[in-house]
Amino acid sequence: MQSQLQIPIDKKIKAVYLFVVLHALQMGVGVVGLPRVVYEEAKQDSWVSVLIAGIALHIVIACIVFILNSYKNTDIHGILAQIFGQKISKVLSMVFIFYFYLMFISILLNYIEFVQVFIFPKLSTGFIASLLIFLVIYAVYGGVRAAVGSSIVFFFTTIWMVLLLIEPIFLMRAEYFLPVLDNSPQDIFSGALKTSYSILGFELIWVLYPFIQDKKNVAKYSHFAMLFTIILVMYVTVVAIGYFSPKHLEMKVWPLFTMFKIITLPIFERFDVISVALWLMVVIPNLILLGWMISYSCKRVTGLKQKHCLHVFMLIALIVATFVDKREYVNILTDYVGQAGIFFGLTLPFLLLPFAIYKRVKGNKS
Amino acid sequence: MKYHLLVICILLVMLVGCAEENIIEDLGIVTVYGFDKDEDTGHLLATTVLYQFDPDITNASQIINSEGDTLQGVKRNANKESGHKITNGQLRVILFGPSLSKEDGFIEHLDTLGRDAKLSDIVYIAVSDQPSDQVLASTNYEEAPNIGAYLHQLIETAVRNEEITSSTYHEYLRDYFQVGRDPVLPLLSVDSEKVTIKNIAALQDDKVVGDFTIEEGFYIRLMVDQFDSGLIELKLPIEPFEDHLEEYAEIEDPHIYAVIDKINSNTDITMESKNPPSFEVKIDIDGRVIELSRQLNLDDPETLDVLETQVTKQMEKELEEVINKAQEMNADVFGFGVKYNNNTRGEDLTKEQWREMFTDIEVETTIKINIERHGTVQ
């Protein structure tokens, strides 16, 4: 495996797209249920948990960008290869790919569940999964630029949905936020950990880095992306706490969709149904970016053709999705991915940091 | 290869149309459910009011009585009596008769509203003082297509005119779960074949424990919400005004009636002490005089001052009466308990604890009224 990648200029992207791409991958199925998940831990101080998670996120992304800048034109697999040697690094890379693959499957299954609960209860999981997977394969064929391009299109077609929460905002009550900071720091901290599933996805930068044309801007735009994600997550959490009373919020599996339930427009009596359908446009970029990342990483590590990797992964995903369709399993899988994310997303950068510092120091001496 | 994929994608997208079809002529669309309890069998007695969109029938509304134990079960049983597929998606009002609302409670019948994504969150919950089948059988429902649509209009108009507090499923349920605040619901009643909002029912959880008149409801709304354009009629004693009257006719009434509308209010409740719980309520009201039963020259600042003082006095008195009445019922519809809970750190209030404390709380009210205008008459 070559460690320094030479990406042709026609495959490179501008750093400014990182803003949309990283944000698009972070936003997805997690934020729909996030208010409840955090609330179960940190109660009315959930917004503090999200704030802490946001600060942690910025530190992590700064760390990742520092490591990537130290190793110049390479991605996570190249870095692992330089640190641990070819053999061990391959195993580590495989684990990394498997983690992204689990994330892919959990997003797929979670979205399918939305559709089944809100719109078509009788539509089989396998059928919806095959629809989505075909779309993903089609987009990934287009390469990295198609994957990035599609997320930009879908970002602009869905971002207006933040305005939909205006109606719930009018029904918010200040009393649900009081008393402020009444929960123990442990509760607030575990709330921050629970936020992780909703803000995972920034790991994409590990793989996308060599494709970026103007590397000096990477830090700036990736921080912007994190800031934007945290602002949105905070917004949803705060509105949900104010809109539901305490026990009420803990009952709602997907508080965000429940908040859409009170919106009626003259042409759409029940906007929540439309919003679930629209959520496809939030989820599809997730799947496409992850699909590209998995298949590309597979090619890097095993040397197989990217297309073949993609086909195998998507076929297995389809089979898994067809058989794992109970809410219980989906929950377990989502929990595991969230926990794995704490290691792969938030801890791994700090483990690699000493090597990067060592490399910089050595580089300066010679 | 790419072309083939595109064809497959288009095909798959088109196939979604085959998922589940609902033809509107074949549907019986429920607008209101009324629930009572059968005293003999213990089952739920339901009255289902349906819409039908069949161009051939003239009377598009239907009422079906059925039995069951759950809302969905009742729906299934109602389906046995109708050639249409009964769907809940357009449900607007759920009405509970006294057998449920006064004795057994009805919270278990609301579960499916939250669970079934087909049901909306803006369904109004209401209670009635007669069995709900009688209420729904009333024949005068103005120009509305059926009784369900009428009830929805009736409640929504009252909510929009700020006569009652909104009581949608979401709002009822969040008050139900909130410790230290009890919900209120509109109490419907049939009067000569027409349904009216008679009173405002105060609940302990899901049981009606008493009711307030619409006029008393004004003060409840004043405490829990903000008015943008409310209206209140006040009966004031005549004595303080005697020097200011400018009569053009002899009226033999020891009172003066004043109507204030376009009321804009702001309420601030603060907890004064914890043991015994005492609260201070400060209310600022802006409004205009729209009707007076006796002539007063309100351009004279002195007269206006007297009017404002008397209105304040009267309102404070009535507000205290409403609070006392709520304490007698032991239903904290104002949310004092929430204030108490928010001001005590590190301990969690339970509903039972607050029920014991609420009857003994002390409330001091200060109302500040500001009459901005008084119409086209001096």
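Sequence lines set the chain letters: A, B, ... in the order given, protein chains first and strands last, and positions in each chain run from 1. Remember, predicted model here, so these are calculated numbers, not experimental data.
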Pairing residues for A/K11 by the salt bridge (charged side-chain N to carboxylate O under 4.0 Å, His left out) criterion, not counting sequence neighbours: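 Once residues adjacent in sequence are excluded, A/K11 has no partner under the salt bridge (charged side-chain N to carboxylate O under 4.0 Å, His left out) criterion.
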
Heavy-atom contact with chain B under 4.5 Å, split by part of A/N183: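 The answer is neither part of A/N183.
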
Part of A/S184 lying under 4.5 Å from any heavy atom of chain B: neither

Contact listing (chain B partner; residues 239-253 of chain A; heavy atom under 4.5 Å): A/G242, A/Y243, A/F244, A/S245, A/P246, A/K247, A/H248, A/M251, A/K252

Any donor-acceptor pair under 3.5 Å from A/K261 side chain to B/H170 backbone: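 No, the answer is negative, given that no donor and acceptor are paired below the 3.5 Å cut-off.
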
Within 6.0 angstrom of A/F134 CZ, more than 12 heavy atoms from elsewhere: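 It does not: A/F134 CZ has 12 such atoms or fewer within range.
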
Neighbour count above 12 (heavy atom, 6.0 Å) for A/R327 CZ: yes

Audit row: A/R173, B/R174, side chain to side chain contact (heavy atoms under 4.5 Å, CB included) steps and yes/no: CA-CA 11 Å; A/R173 275 194 186 145; B/R174 79 170 178 185; 3.8 Å; yes

For chain A, the option from B/D116, B/D175, B/T168 that forms the most heavy-atom pairs under 4.5 Å: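 Of the options given, most contacts go to B/D175.
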
Spatial distance of atom CG (B/D121) from atom CZ (A/F257) [nearest 0.5 Å]: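 It is 14.0 Å, given to the nearest 0.5 Å.
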
Value rounded to 0.5 Å, distance of CD in B/E171 from CD1 in A/I262: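 It comes to 8.0 Å.
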
Nearest heavy-atom neighbours spanning B/I122 and A/T264: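 Scanning both residues, the minimum pair turns out to be CD1-CG2, 3.5 Å.
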
Taking every non-hydrogen atom, the tightest pair across A/D272 and B/A117: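 Nearest heavy atoms, A/D272 then B/A117: OD2-O, 4.0 Å.
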
Most contacts with chain B, counted as non-hydrogen pairs under 4.5 angstrom, among [options]:
| options | answer |
| --- | --- |
| A/D182, A/L135, A/I137 | A/D182 |
| A/V273, A/V276, A/L178, A/V117 | A/L178 |
| A/F177, A/F118, A/Y176 | A/Y176 |
| A/V180, A/T258, A/L181 | A/V180 |

Basic-acidic side-chain contact under 4.0 Å: B/R181, A/E175: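 The answer is yes: the pair qualifies as a salt bridge.
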
